[in-house]
Every structure is written in C-alpha cells, then in structure tokens.
Amino acid sequence: MPAIPSNKPYRVGRSRTGLGLFATKPIKKGAKIVRYFGPLLDSRKKKDDAIENKYLFELNDRWTIDGSVRKNIARYINHACKPNAESDVKPRKRKVVIRAIKNIEPGEEINYDYGTDYFKAYLKPIGCKCDACEKKRKKKRAEARAEKLRLKAKAEKKALRKAEKQAAKAKAKLEEKPNGKANGGIRANGKRLNGYGGKSAADKMIDAQSGIFAEPTDKPDREASASA
C-alpha cells in the first residue's frame with residue numbers, strides 16, 4: 001500500500017471489494033478529499049488511445065487521465081450507488097478532485113459514483129457490491145424466504161383441510177348402520193326383516209288386552225267335533 005502523510009484524513013484499507021479509502025478524521029460536506037491524477041492520454045494519438053485499464057478517467061472527448069499509477073491515492077476509492085463523495089471534473093484545467101457531499105465520519109469508507117458507462121462495462125456483469133446494492137439484495141433474499149415460507153404454510157394448511165375432510169367422510173361411513181336393520185327392521189308381510197318372525201311378546205300382550213285372539217284357521221272347531 002502507498003505511504004500516506006499523517007496529515008491526510010484518509011487511509012487505504014481492506015474493503016468488501018478489495019482495497020478502499022477510509023476516513024481517519026471527520027470530513028465535512030463540500031470539503032476536498034483528494035485529487036484524481038495521472039498521465040494525460042490524448043485520444044488522437046494511437047498509442048494513447050490503445051491504453052485500456054479500469055482507472056481511466058475521461059475528461060472530454062479528447063483527454064483522459066490514466067489513474068493507474070500507484071501515487072494516485074484516489075484510485076482506491078470505490079464506487080457506490082449512494083455515495084458520500086463525488087468527482088468534481090474540470091475539463092479545461094484537465095483536473096479532477098474528489099469532494100465530500102456528506103459529512104463523513106472516521107472509519108467510513110469514502111466512495112463516489114463512477115458513472116453509467118463504467119457501471120455497465122465493469123460492475124453490472126459481476127454485480128455491484130456497494131452498501132446500497134447489498135441492502136437491496138438482502139431485502140430481496142428476505143422477501144424470497146418470506147414468500148417461500150408463506151407458500152409452504154399455505155400448502156400445509158390446504159393439506160390439513162383435505163385430511164380433515166377425508167377423516168370426516170370416513171367417520172360418517174363408520175357411523176352409518178347396515179342396510180335393513182335401521183329402526184328395528186322393516187315389516188314385510190307381517191314379519192320383521194331383522195331376523196325374527198311372527199309377533200313379538202309385546203305385540204301379543206297388546207292383542208290380549210284388546211281382546212283380539214287370532215286362532216289358526218286350519219284347526220277344526222271344537223264344538224263341531226263334539227256335536228258329531
């Protein structure tokens with residue numbers, strides 16, 4: 001890591017994406033933090049236009065700063081979709097300064113928005129790892145887990161209702177009486193269909209009390225046989 005004077009309000013340290021620049025002292029909103037510098041590349045020259053790296057900072061259609069040199073401390077500042085700093089570009093002076101757009105406390109990582117072109121070329125393919133994007137991903141993962149649990153609970157509830165209905169049907173079938181024996185049997189031709197023929201003792205008692213005596217018709221009359 002490059003040596004940084006002790007009077008500077010930042011240090012290079014480990015970040016989520018590798019190395020990053022962190023505040024060591026309070027930095028007020030609007031304050032200049034560090035200059036982004038390096039050799040100027042002229043796009044009109046083939047050798048300059050052929051240079052490619054992640055630290056190229058385009059000033060205008062012609063001039064670009066090659067910030068890949070180690071002395072360029074600003075190159076360690078990472079991208080953020082919701083940054084606490086910004087790049088103050090001055091094309092005529094061919095100069096770029098990183099300024100704070102929020103109050104930055106000691107220990108906070110300094111970051112700024114790299115711009116749409118850089119984001120699409122380098123960050124989008126691998127996924128942005130800034131705090132804002134990490135929070136979004138965590139939120140989506142939490143929502144996905146919650147939805148999965150909701151669907152699981154719904155499926156379990158549906159299965160329980162189905163099981164209860166099946167159990168109720170099975171219970172109703174068990175409680176049904178066999179056919180032909182309900183209500184003590186059904187009379188047919190003077191006989192019960194519950195396996196017993198003729199009159200019951202209760203029926204005979206009722207007949208006796210009412211004075212009804214039914215004798216078989218095939219027996220001979222006692223008086224007739226006596227007179228004969």
Side-chain angles (χ1 to χ4, degrees), residues 1-140:
M1 296 182 186
I4 299 174
S6 59
N7 63 334
K8 298 297 183 181
Y10 49 76
R11 66 175 179 83
V12 177
R14 289 290 173 184
S15 176
R16 185 185 289 112
T17 57
L19 294 177
L21 200 66
F22 295 82
T24 56
K25 300 176 182 179
I27 302 175
K28 292 184 178 181
K29 179 180 178 180
K32 172 186 172 181
I33 300 174
V34 65
R35 180 183 172 186
Y36 196 101
F37 72 93
L40 283 173
L41 303 179
D42 187 350
S43 61
R44 295 179 182 179
K45 297 179 180 181
K46 289 184 178 180
K47 63 175 184 177
D48 287 356
D49 194 43
I51 295 175
E52 288 289 341
N53 63 64
K54 295 190 297 181
Y55 303 103
L56 298 179
F57 201 113
E58 188 177 290
L59 297 172
N60 51 35
D61 293 339
R62 180 178 179 182
W63 298 105
T64 298
I65 296 175
D66 182 1
S68 61
V69 295
R70 288 182 61 82
K71 290 184 178 180
N72 177 32
I73 305 300
R75 77 175 192 156
Y76 294 103
I77 302 176
N78 289 312
H79 164 85
C81 294
K82 292 183 179 181
N84 53 21
E86 66 179 358
S87 56
D88 183 6
V89 183
K90 298 179 180 179
R92 291 185 180 181
K93 295 183 178 181
R94 300 172 191 174
K95 183 178 179 181
V96 175
V97 174
I98 308 302
R99 295 184 183 277
I101 58 174
K102 297 178 181 178
N103 290 330
I104 303 174
E105 298 299 326
E108 286 188 54
E109 184 175 1
I110 300 168
N111 43 53
Y112 68 94
D113 191 340
Y114 283 4
T116 304
D117 293 339
Y118 188 97
F119 185 90
K120 289 181 178 179
Y122 295 101
L123 300 177
K124 189 175 182 179
I126 61 174
C128 181
K129 296 181 180 180
C130 73
D131 288 341
C133 290
E134 281 294 324
K135 287 179 181 178
K136 286 181 181 179
R137 280 191 286 271
K138 286 182 180 179
K139 184 179 179 181
K140 286 182 179 180

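Basis for what follows: all heavy atoms, side chains included, without hydrogens, waters or symmetry-related copies.
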Does the [X] side chain pair with the main chain of [Y], one donor and one acceptor, at a distance under 3.5 Å?
X: D48; Y: I51; result: no
X: R16; Y: K129; result: yes
X: N72; Y: Y36; result: no
X: D113; Y: E86; result: no
X: S43; Y: R62; result: yes

>> Using side-chain heavy atoms (C-beta onward) and a distance below 4.5 Å, is E109 in contact with Y10?
In response: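 No - every pair of side-chain heavy atoms lies 4.5 Å or more apart.
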Is the closest side-chain heavy-atom distance between I98 and S87 below 4.5 Å?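 Sidechains of S87 and I98: in contact.
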[X] versus [Y], closest heavy-atom pair with distance:
X: A23; Y: E105; value: CB-O, 3.6 Å
X: L59; Y: R94; value: CD1-CA, 3.5 Å
X: G127; Y: R137; value: C-NH1, 4.5 Å
X: P83; Y: I101; value: O-CD1, 3.6 Å
X: D88; Y: R99; value: OD2-NE, 3.0 Å
X: I77; Y: N111; value: CG2-CA, 3.5 Å

Go through it in stages, so that I can follow the logic: the residues are L40 and I65, the test is side-chain contact (heavy atoms from CB on, under 4.5 Å), and I'd like the CA-CA distance, side-chain angles, deciding distance and then a yes or no. CA-CA 5 Å; L40 283 173; I65 296 175; 3.9 Å; yes
Q) When you look at CG of D117, are more than 12 heavy atoms from neighbouring residues, nucleotides or ligands closer to it than 6.0 Å? A)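 Not buried by this count: 12 neighbours or fewer within 6.0 Å.
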How long is the straight-line distance from [atom2] of [Y] back to [atom1] of [X], given to the nearest 0.5 Å?
X: D131; Y: K138; atom1: CG; atom2: NZ; value: 8.5 Å
X: D42; Y: W63; atom1: CG; atom2: CH2; value: 4.0 Å
X: F22; Y: R14; atom1: CZ; atom2: CZ; value: 10.5 Å
X: C133; Y: K82; atom1: SG; atom2: NZ; value: 9.5 Å
X: E134; Y: C81; atom1: CD; atom2: SG; value: 11.0 Å
X: E108; Y: N84; atom1: CD; atom2: CG; value: 6.0 Å

Just say parallel, tilted or perpendicular for the rings of Y112 and Y114, cut-offs at 30° and 60°.
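Y112 and Y114: tilted rings.
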Inset, instruction - Output, in order, the C-alpha distance, side-chain angles, deciding distance and verdict of side-chain contact (heavy atoms from CB on, under 4.5 Å) for Y122 and K54. - result: CA-CA 8 Å; Y122 295 101; K54 295 190 297 181; 3.8 Å; yes
Taking it one step at a time, do K102 and K29 satisfy side-chain contact (heavy atoms from CB on, under 4.5 Å)?
CA-CA 4 Å; K102 297 178 181 178; K29 179 180 178 180; 5.6 Å; no
Run the side-chain contact (heavy atoms from CB on, under 4.5 Å) test on V12 and L21 for me, step by step, so that the C-alpha distance in whole Å, both residues' side-chain angles and the decisive distance to 0.1 Å come before the verdict. CA-CA 5 Å; V12 177; L21 200 66; 3.9 Å; yes
